[in-house]
Structure formats: C-alpha cells, structure tokens
Amino acid sequence: MNLNIFNTLSKKLESFKPLGDTVKVYGCGPTVYNHPHIGNARPAVVGDILVRILRNLFKKVVYVRNITDIDDKINKKAKEENVTIEVIALKYTKIYQENMRTLNVLPPDIEPTVTQNIHSVIKMISTLLEKKNAYEAENHILFHVPSFKNYGDLSKRKKDEMIEGARVEVAPYKKDPMDFVLWKPSKEDQVGWESPWGRGRPGWHIECSSMIETYLGETIDIHLGGNDLIFPHHENEIAQSNCAHNGKPLSKYWLHNGFISMDKEKMSKSVGNIILINDILKKYTGETVRLAMLSAHYKQPLNWNEKILIQANKNLENLYDIIGDDKNYKFVPPPKKFFNALLNDLNTPEALKELYELSKDKNNKDQLKSAANYLGILQLTQTEWIEQKKKIKNLDEKKIDKLISDRDKARKEKKFDEADKIRNELAIDGIILEDSPTGTKWRISN
RNA sequence: GGCCCGGUGGCAGAGUGGUUAUGCAGAGGACUGCAAAUCCUUGUACAUCGGUUCGAUUCCGGUCCGGGCCUCCA
C-alpha cells in the first residue's frame with residue numbers, strides 16, 4: 001500500500017513518505033467575496049479525496065484549508081454594498097461551506113481565517129525584515145526576490161525570462177521588478193490593522209505562509225492548490241517561508257489540479273462564462289456535480305458542460321438502483337484494485353471503472369459501498385436520493401399520483417391511447433413511468 | 001517572446017511497446033398492450049510526418065492544432 005503522487009516540485013510521480021507521525025496537509029482555500037464557482041470546488045474535492053486516502057493509510061492526518069477574508073476584492077464588494085468586510089466575508093464563507101457540504105466535501109480539521117491571524121502575519125514579516133529578505137519603501141513592506149536564490153524552482157521559471165514577458169508596469173519603489181508586497185498601507189476608509197509599519201493590511205501571499213507556520217509548523221507534507229497558483233502565489237509562499245525558517249522547505253510535496261473550462265475556454269468574468277455551484281444545484285444534486293468532477297483525472301483539464309452532468313446523474317441512478325435502501329452495510333476494507341487506482345496519483349477515472357465493475361456483482365454491496373465512501377459518493381439510500389431529486393425538481397407528487405391512477409384505470413379498460421397520452425404528458429416534465437407486476441413506479445429522468 | 005500541458009471510438013475519459021479500459025449514448029434481441037427498466041449481444045479509436053524496434057496509440061524528434069501560466073484568478 002503505497003501512495004504515489006505527482007509532485008510539481010520534481011515534476012515526477014513520487015512515492016509518498018510522510019515526514020513525521022502526523023501527516024500535515026494544507027490547501028489554499030477561497031477568497032470569500034463572491035459565490036463559489038465550480039472551479040473553486042475542484043481543489044476542495046481533490047483535497048477531500050486525498051485526505052480520505054491518507055486517513056486510511058496513516059493514523060494521524062491534519063488538514064488545514066484557509067479562508068482568505070481580507071482582500072481588495074472583498075473591500076471593493078463591501079464598499080459597493082455599503083457594509084463592512086466582515087459582512088461580506090461571513091456571508092460568502094457560509095455559502096462556500098454550505099456548497100462544499102452539498103458536494104460531500106468533508107470539512108478540514110482547521111479552517112483558519114486571515115483576520116484571526118494578523119498577529120502571525122506581522123510576526124513573519126518582522127522576521128523577514130530582520131533577516132534582510134524584506135525592506136520598507138513608501139510605507140510598503142516588500143519581499144526582495146533576489147535575496148532568495150531558489151526563486152523559480154516550483155514554476156521552473158528563470159527570473160530574467162519572467163521580466164521579459166512582464167505585462168505590468170513595475171511600481172517605482174521596488175528594488176527589483178519581481179519584488180512583491182508583504183504589507184501595504186490602508187487609507188482612512190480602508191480596513192487596516194496597526195503594525196510596526198503603520199496602519200495597513202497584508203499583501204496576497206504572506207497569509208498562507210504564516211498560517212501554515214501557525215497551525216502546522218515550518219515544513220508540511222503536502223500543499224494543494226489550483227494550477228494557476230503555482231506562479232506567483234506558491235512560488236512566493238516558498239520564498240517567504242524558506243527565508244523565515246532558515247532555508248527549511250515549506251512543503252515536501254506540491255499537488256496542483258487542472259482547470260475547469262467552458263467550451264474549451266477558461267472560466268473568467270470578462271468572458272462571462274462563470275458557472276456558480278449554486279446555479280448547478282438548482283438542477284442537479286451535489287453528488288452529481290461531484291461525480292462529474294471525478295470523471296476526469298485531477299491534473300487534466302476538465303471541460304464542463306451539461307453532458308457530463310447528465311452522464312453522472314445516469315451513473316448515480318444506476319448505482320443507487322443497486323445500493324437500494326439497505327443501511328446495514330458491513331464494514332469492509334476497500335477493494336484492492338479500486339484502492340490501487342486511487343493510490344496511483346488519485347486516478348479517479350480508473351477507480352470509477354473498478355466501482356462499475358463492482359456494481360455488476362449484486363451480492364457485493366458491502367465492497368461497493370466501501371469503495372464509494374472513498375470517492376464521497378453513494379452516501380444516501382436510494383429513497384433519500386430520489387427524495388433529493390424530487391425536491392430539486394419541485395414536483396407536485398399528488399398530481400403525478402393522480403395521473404398515474406388515471407392511466408392505470410385506462411390501461412385496465414384497454415384504452416391504451418388514453419394511457420399513452422398521460423405517459424407522454426408526464427415525460428415532458430421529465431417523469432418516466434415504469435410498469436411492473438406490483439404497480440407503476442415513476443422516476444425522474446435527469 | 002519565455003515556460004508548461006494536452007490532442008484516444010458519437011460524447012466523456014483511463015491505460016498500454018504486441019492481448020476487452022470503463023461509463024454515457026447508439027444498434028439488434030429477450031421482455032412489455034406499447035413503453036420504461038432489466039438482461040443478452042454488438043462497437044476495433046488513439047492528430048500528423050519521420051525515427052528507434054521484429055512490432056508503436058504507447059518511446060524519441062519535427063509539424064499542425066488546442067489549452068494554461070508569465071497580471072487578480074481555483
């Protein structure tokens with residue numbers, strides 16, 4: 001039983017060996033200024049699966065996923081709505097947590113916020129100033145990139161190559177164009193905290209470094225995040241933490257998930273192709289969204305569209321048919337082939353294949369259920385699953401039952417034209433009828 | 001311009017130097033008043049051009065195409 005994961009740092013598949021008795025995992029969480037979209041969900045789902053596996057393999061796992069509740073995007077939103085940033089942050093934190101719960105993402109062990117950790121941010125910046133890795137310029141504290149010689153190791157970029165392609169004007173007070181802000185001054189009307197450098201707020205990258213230090217220590221086992229965070233966010237985290245901790249590495253393994261796109265194009269606000277989780281949940285269950293997400297390997301790009309949701313829904317429909325309403329499952333270890341697929345860099349498509357194979361043997365429900373637990377699917381009974389779908393569709397069950405009994409009457413009288421008419425009417429609303437010796441059942445098509 | 005990642009059957013999507021991925025959809029059959037569901041049967045795909053090889057979808061190189069990062073971004 002050996003977990004292999006692709007490490008961005010080495011760009012190789014590596015065998016996972018924990019540093020100590022406690023496996024420490026950190027995932028970059030959301031900036032809470034808006035409704036989460038499916039892109040936000042992917043790293044959370046990937047992290048969730050990884051942690052489920054780690055908990056099977058190791059006795060103690062601590063998983064930290066932060067909430068970034070101070071950011072200029074939050075400030076902007078608060079100003080627009082004429083409320084404090086706490087109101088905005090709290091609102092969207094709750095929505096995020098609720099969305100994740102719907103997707104069967106288990107909560108992390110610790111979910112720290114930046115505003116609760118300003119003191120540790122200030123502490124780390126002070127350390128970086130002492131060690132001459134940072135400097136003050138026009139009320140800003142900046143990290144001096146040339147002071148860290150391994151800068152670019154994660155993203156495999158060379159410094160001069162980056163500057164060549166830079167598309168943004170460099171602030172004149174920077175000693176080096178690559179230098180980035182650790183602390184910035186706040187104006188009267190902006191949120192801020194007192195610090196040795198005046199009233200201000202943290203820059204973008206320092207919060208993760210300092211929260212990792214606070215909650216997990218100097219070096220962790222695995223750091224997670226979306227592909228886009230490799231540069232500059234994670235590169236900068238590494239620089240800060242390394243320098244603050246006398247060259248100790250921040251994380252042994254780095255995992256990055258691929259992007260979700262729409263029509264082969266990245267989701268972005270300017271294109272207007274952002275898909276919010278809440279909007280999908282108006283039509284599909286969270287479990288359906290989760291399965292659709294797991295249908296591709298986490299490192300691969302995933303093109304999001306209705307087809308993959310329809311397919312995932314159908315798959316769940318079939319699987320719940322086998323699971324049924326029996327709640328008395330025996331606890332069994334996960335099937336070997338299935339688990340091996342997950343151990344191979346979380347190969348969920350391969351694992352799903354094994355799951356479908358297991359589902360063919362109807363006397364094997366215990367194993368099927370055990371496997372599904374690792375993927376975070378099939379957590380309900382079939383009845384609960386159907387109830388959930390009925391709720392989403394907001395169906396008038398009494399009306400449906402009435403139509404079905406009308407149809408049964410017509411069938412008994414051999415008025416098949418009339419019976420078929422009723423069935424077709426129901427089909428328009430997505431209701432499929434199934435006649436059986438014990439009566440007529442109905443289900444929702446998607 | 002620099003750096004990355006891809007191109008697999010109708011669709012989604014793994015994997016492999018020579019043997020069925022899997023799922024969804026489709027087709028045929030059984031069943032049914034007709035359907036649905038279910039069961040059975042069915043599908044020979046790996047961008048392109050070279051190279052290595054007894055043999056390449058799989059390895060190497062070129063080409064074309066697509067996507068991402070280099071700026072806030074999951």
Side-chain angles (χ1 to χ4, degrees), chain A residues 8 11 27-31 33-34 36-47 68 71-73 76 152 155-170 178 180 204 224-233 235 256-261 263-270 274 291-292 294-297 299-305 307-319 321 341 344 347-357 359-360 362 410-412 414-417 419-420 423-424 426-427 431-437 440-443 445:
Chain A
T8 308
K11 285 173 67 186
C28 286
T31 302
Y33 69 103
N34 213 337
H37 54 72
I38 42 170
N40 296 304
R42 199 177 197 190
V45 170
V46 171
T68 299
D71 181 277
D72 286 351
K73 291 189 288 290
K76 193 174 162 234
S155 56
K156 318 286 175 226
R157 289 160 207 247
K158 291 192 182 84
K159 208 176 136 264
D160 28 328
E161 283 167 356
M162 287 188 266
I163 294 160
E164 250 173 59
R167 281 183 258 163
V168 168
E169 294 222 13
V170 176
M178 297 304 296
F180 56 91
W204 175 30
L224 304 159
N227 231 329
D228 58 326
L229 294 182
I230 296 173
F231 190 90
H233 185 54
E235 199 72 72
H256 292 98
N257 62 271
F259 258 56
I260 290 179
S261 58
D263 300 321
K264 303 240 169 172
E265 192 175 17
K266 183 187 168 179
M267 286 196 301
S268 82
K269 288 209 179 122
S270 51
I274 299 261
L291 183 59
L294 297 180
S295 68
H297 184 92
K299 281 198 76 67
Q300 292 305 124
L302 176 57
N303 198 30
W304 196 263
N305 54 46
K307 274 187 213 161
I308 66 170
L309 285 164
I310 290 168
Q311 187 177 317
N313 176 260
K314 180 70 178 155
N315 288 140
L316 284 171
E317 195 77 19
N318 292 341
L319 289 167
D321 243 359
N344 181 24
N347 193 335
T348 52
E350 182 82 27
L352 283 169
K353 173 204 160 185
E354 296 301 332
L355 191 86
Y356 296 132
E357 296 288 347
S359 75
K360 284 176 190 164
K362 302 218 159 99
R411 287 175 68 215
K412 278 188 189 126
K414 308 266 180 205
K415 292 177 184 165
F416 293 120
D417 282 357
D420 289 351
R423 185 171 61 201
N424 291 338
L426 285 165
I431 292 154
I432 310 286
L433 300 185
E434 292 177 18
D435 297 329
S436 77
T440 301
K441 281 186 186 172
W442 62 274
R443 66 184 175 84
S445 67

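Below, chain A is the first sequence line, B the second, and so on; all start at residue 1.
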Please list each protein N or O that sits under 3.5 Å from an N or O in nucleotides 20-23 of chain B, with the distance.
residue, atom, partner, partner atom, Å
B/rA21, O2', A/Lys353, NZ, 3.2
B/rG23, O3', A/Asn315, ND2, 3.3
B/rG23, O2', A/Asn315, OD1, 3.1
B/rG23, O2', A/Asn315, ND2, 2.4
B/rG23, N2, A/Gln311, OE1, 2.8
B/rG23, N2, A/Gln311, NE2, 3.2
B/rG23, N3, A/Gln311, NE2, 3.2

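At whole-Å resolution of the value, NE2 in A/His297 and P in B/rU16 are 12 Å apart.
With sequence neighbours excluded, the residues forming a side chain to side chain contact (heavy atoms under 4.5 Å, CB included) with A/Glu317 are A/Asn313, A/Trp385, A/Lys389, A/Arg443, listed by chain and number. With sequence neighbours excluded, the residues forming a side chain to side chain contact (heavy atoms under 4.5 Å, CB included) with A/Tyr33 are A/Thr31, A/Lys73, A/Ile74, A/Lys269, listed by chain and number. For A/Lys441, there are no side-chain hydrogen bond (donor to acceptor under 3.5 Å, both in side chains) partners, not counting sequence neighbours. With sequence neighbours left out, A/Lys360 forms a salt bridge (charged side-chain N to carboxylate O under 4.0 Å, His left out) with A/Glu357. Here A/Ala312 pairs with A/Thr288, A/Leu291, A/Ala292 under the side chain to side chain contact (heavy atoms under 4.5 Å, CB included) rule; sequence neighbours left out. By the ring pair (Phe, Tyr, Trp, His ring centres under 6.0 Å) test, A/His256 is found to be paired with A/His234, residues two or more places apart in sequence or in another chain being considered. By the side chain to side chain contact (heavy atoms under 4.5 Å, CB included) test, A/Asn344 pairs with A/Leu13, A/Asn347, sequence neighbours left out.
Residues A/Leu302 and A/Gly226 both approach RNA chain B. Their nearest nucleotides, taken by heavy-atom distance, put A/Leu302 toward the 5′ side.
In this structure the side chain of A/Leu224 never reaches within 4.5 angstrom of the side chain of A/Pro43, judged on heavy atoms.
In secondary-structure terms, RNA chain B builds stems of at least 3 consecutive Watson-Crick or G-U pairs, each pair having both distances under 3.5 Å, at B:1-7 with B:64-70, B:10-12 with B:22-24, B:26-30 with B:38-42, B:47-51 with B:59-63.
At B/rC69, none of the side-chain N or O atoms of A/Asn227 fall inside 4.0 Å of OP1 or OP2 (strictly under the cut-off).
Heavy atoms of A/Asn347 sit under 4.0 angstrom from primed sugar atoms or phosphate atoms, though from no base atom.
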